[in-house]
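Remember, it's a predicted structure, so these values are computed and weren't measured experimentally. Numbering starts at 1 and runs along the sequence shown.
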Amino acid sequence: MGSGSSTTTTTTAVETNGKPAKGRTGNVTNTDTDIGRNGRTQVVKQLYAPPGAPAIYHGTVRPRPNFDALKEAENLNIAMQGSGTKDNLLIDVLTSCDRNQRELIAQAYEQKYNKNCLKELKSELSGDYSDVVEKLMENAAEYDAWLLHETLDGLGTDDDGLIEVLSFRNKEQIESIQREYLNRFQRHLSDDIKGDTSGNFEKLCLKLMQGKRDEPHVLVTSFAEADAKMLYQLYGKTIEEALESEFSGDILFGLKKLVAFARDRADYFATKLYSCLSGLGTDDETLQRIIISHCETDMLEVKEAFKNKFGKTLGNMIRDDCSGNYKTILLALIN
């Protein structure tokens, strides 16, 4: 069960020092590759729309109106004063504004109190609750650089996290991530990818890392239909079946992930969240990654897909599976 100091008890890979190895260790399962296969098709319009344009994906965490960074920094200080922590106030401050505003709060806090905001928060908190707060307080590039390092560090590779980050960041964001990665870990991201992957899967990751993809304001449906028709005429089967006939192992896994993202992104992440919360124990690492990464972009769609597919709400499953302030902050982020 997830809590302020929960322990994950997933049993999907060979254990080392009592902890599961990362990734699938080369074993591609139907659960991995069939996600979203029969889901509804989402037409992704204006994914990189200019400011002011209507968004297709909607987050549950939005920029706070009438935002005052100094006032929120003072509220954080109040929350950490005295014995114990005023957790309701602390959680309200951190979840009622977006990542950019939280960065401004941290700067205002340091200027007023001459203390590092994140260090002060970490000294007050513990367990998974502390982990979530720490991840919320990092800027976008810092968080993604840390996340990629986690996917590549240790035994095995968390291919889910690696593909998710590389697929959903544009060229400018990936360049910022690479700079932060080098600054933080004194290593080039591309070198770590090469050292931890191989073959065609390595080529796919490096290609995604280049960020060379179109950023259309509107998807031209006729172009997509023409490409799909051409592919079908070449193979005479679904795109998943075509991939299965040509590829295997990690590269098949990666390509099918990209298809699942494109076919129904919300369904894909709803399914991942359900897997985190069902069965024995909680996959807190993946749960936190998806909620933190998607609460500002498309969590409303993910929640809807979750309820439609599994007949229960994401919030209720978090209530049943997590506890304490950890549960409270996760619920605040998705609501």
Side-chain angles (χ1 to χ4, degrees), residues 1-3 6-13 20 23-24 27-44 55-62 95 128-129 131-132 135 147 158-161 163-165 167-168 238-240 253 256-335:
M1 174 179 289
S3 66
S6 68
T7 302
T8 300
T9 58
T10 52
T11 57
T12 56
R24 306 171 335 285
N27 181 26
V28 181
T29 68
N30 289 335
T31 301
D32 287 327
T33 57
D34 288 347
I35 288 174
R37 171 177 286 203
N38 299 314
R40 68 188 187 281
T41 301
Q42 287 183 339
V43 178
V44 184
I56 292 299
Y57 295 121
H58 306 93
T60 45
V61 174
R62 303 177 180 88
T95 61
D128 288 316
Y129 176 36
D131 291 341
V132 172
K135 293 166 187 174
L147 191 55
D158 180 357
D159 295 338
D160 274 343
I163 291 290
E164 285 169 20
V165 174
S167 299
F168 289 122
T238 68
I239 191 167
E240 290 89 355
F253 170 86
K256 279 192 160 185
K257 287 288 182 185
L258 296 181
V259 171
F261 296 158
R263 187 184 298 282
D264 195 329
R265 161 175 168 159
D267 177 87
Y268 172 83
F269 286 107
T271 304
K272 293 294 295 182
L273 285 169
Y274 184 80
S275 298
C276 293
L277 295 163
S278 58
L280 294 175
T282 308
D283 181 355
D284 293 298
E285 184 176 321
T286 305
L287 178 66
Q288 292 172 27
R289 181 183 81 222
I290 295 175
I291 289 179
I292 292 170
S293 295
H294 292 266
C295 64
E296 295 185 26
T297 55
D298 59 348
M299 185 53 68
L300 289 175
E301 280 73 18
V302 173
K303 286 169 60 180
E304 180 184 7
F306 192 101
K307 185 176 182 180
N308 290 340
K309 187 167 187 176
F310 302 108
K312 56 185 72 177
T313 67
L314 174 60
N316 282 340
M317 284 201 72
I318 289 174
R319 288 185 185 94
D320 291 342
D321 217 56
C322 304
S323 63
N325 290 316
Y326 180 48
K327 174 179 70 176
T328 302
I329 196 167
L330 291 179
L331 291 174
L333 289 170
I334 69 165
N335 290 324

Kindly determine whether Y326 and L287 satisfy side chain to side chain contact (heavy atoms under 4.5 Å, CB included), including the steps that lead there. CA-CA 12 Å; Y326 180 48; L287 178 66; 3.8 Å; yes
Run the side chain to side chain contact (heavy atoms under 4.5 Å, CB included) check on L277 and L314 step by step: do they pass? CA-CA 9 Å; L277 295 163; L314 174 60; 3.8 Å; yes
Sequence-distant partners of T313, side chain to side chain donor-acceptor pair (under 3.5 Å), two or more places apart: N316
Set of side chain to side chain contact (heavy atoms under 4.5 Å, CB included) partners for R62, sequence neighbours left out: L300
For the CG atom of D298 and the NZ atom of K303, what is their distance to the nearest 0.5 Å? 12.0 Å
When every non-hydrogen atom of I239 is compared with those of R263, the smallest separation belongs to CG2-NH2, 3.7 Å
Quick one: does L258's side chain get under 4.5 Å of S167's, heavy atoms only? yes
T328: side chain to side chain contact (heavy atoms under 4.5 Å, CB included) partners, not counting sequence neighbours: I91
Are any of the side-chain heavy atoms of D128 and L330 separated by less than 4.5 Å? no
Could you tell me which residues satisfy side chain to side chain donor-acceptor pair (under 3.5 Å) with T60, sequence neighbours excluded, listed by chain and number? none
Mind checking whether K257 and Y268 have side chains closer than 4.5 Å, heavy atoms only? yes
Compare all side-chain heavy atoms of N308 with those of D267 and state whether any distance is below 4.5 angstrom. no
With the side chain counted from C-beta on, respond yes when Y274 and K309 share a heavy-atom pair under 4.5 Å apart, and no when they do not. no
Salt-bridge contact D158-R289 (side-chain N to carboxylate O under 4.0 Å): yes
Exceeds 12 heavy-atom contacts within 6.0 angstrom, atom NZ of K307: no
Any side-chain heavy atom of R265 sitting closer than 4.5 Å to one from T297? yes
Inter-residue atom distance I318.CD1 - C276.SG, 0.5 Å rounding: 9.5 Å
Does M317 offer a backbone N or O that forms a donor-acceptor pair with the side chain of D321 under 3.5 Å? no
Are V132 and L333 side-chain neighbours, meaning at least one heavy-atom pair lies under 4.5 Å? yes
Would you say the side chain of E164 lies within less than 4.5 Å of the side chain of F261, judging by non-hydrogen atoms? yes
Decide whether T286 and K272 meet the rule of one side-chain donor and one side-chain acceptor closer than 3.5 Å. no
As an exercise, state the distance from CG of D160 to CD1 of I290, rounded to the nearest 0.5 Å. 8.0 Å
Interatomic distance, CZ@F168 vs OG@S293, rounded to 0.5 Å, equals 10.0 Å
Any chance you could measure K327, atom NZ, to Y129, atom OH, to the nearest 0.5 Å? 13.5 Å
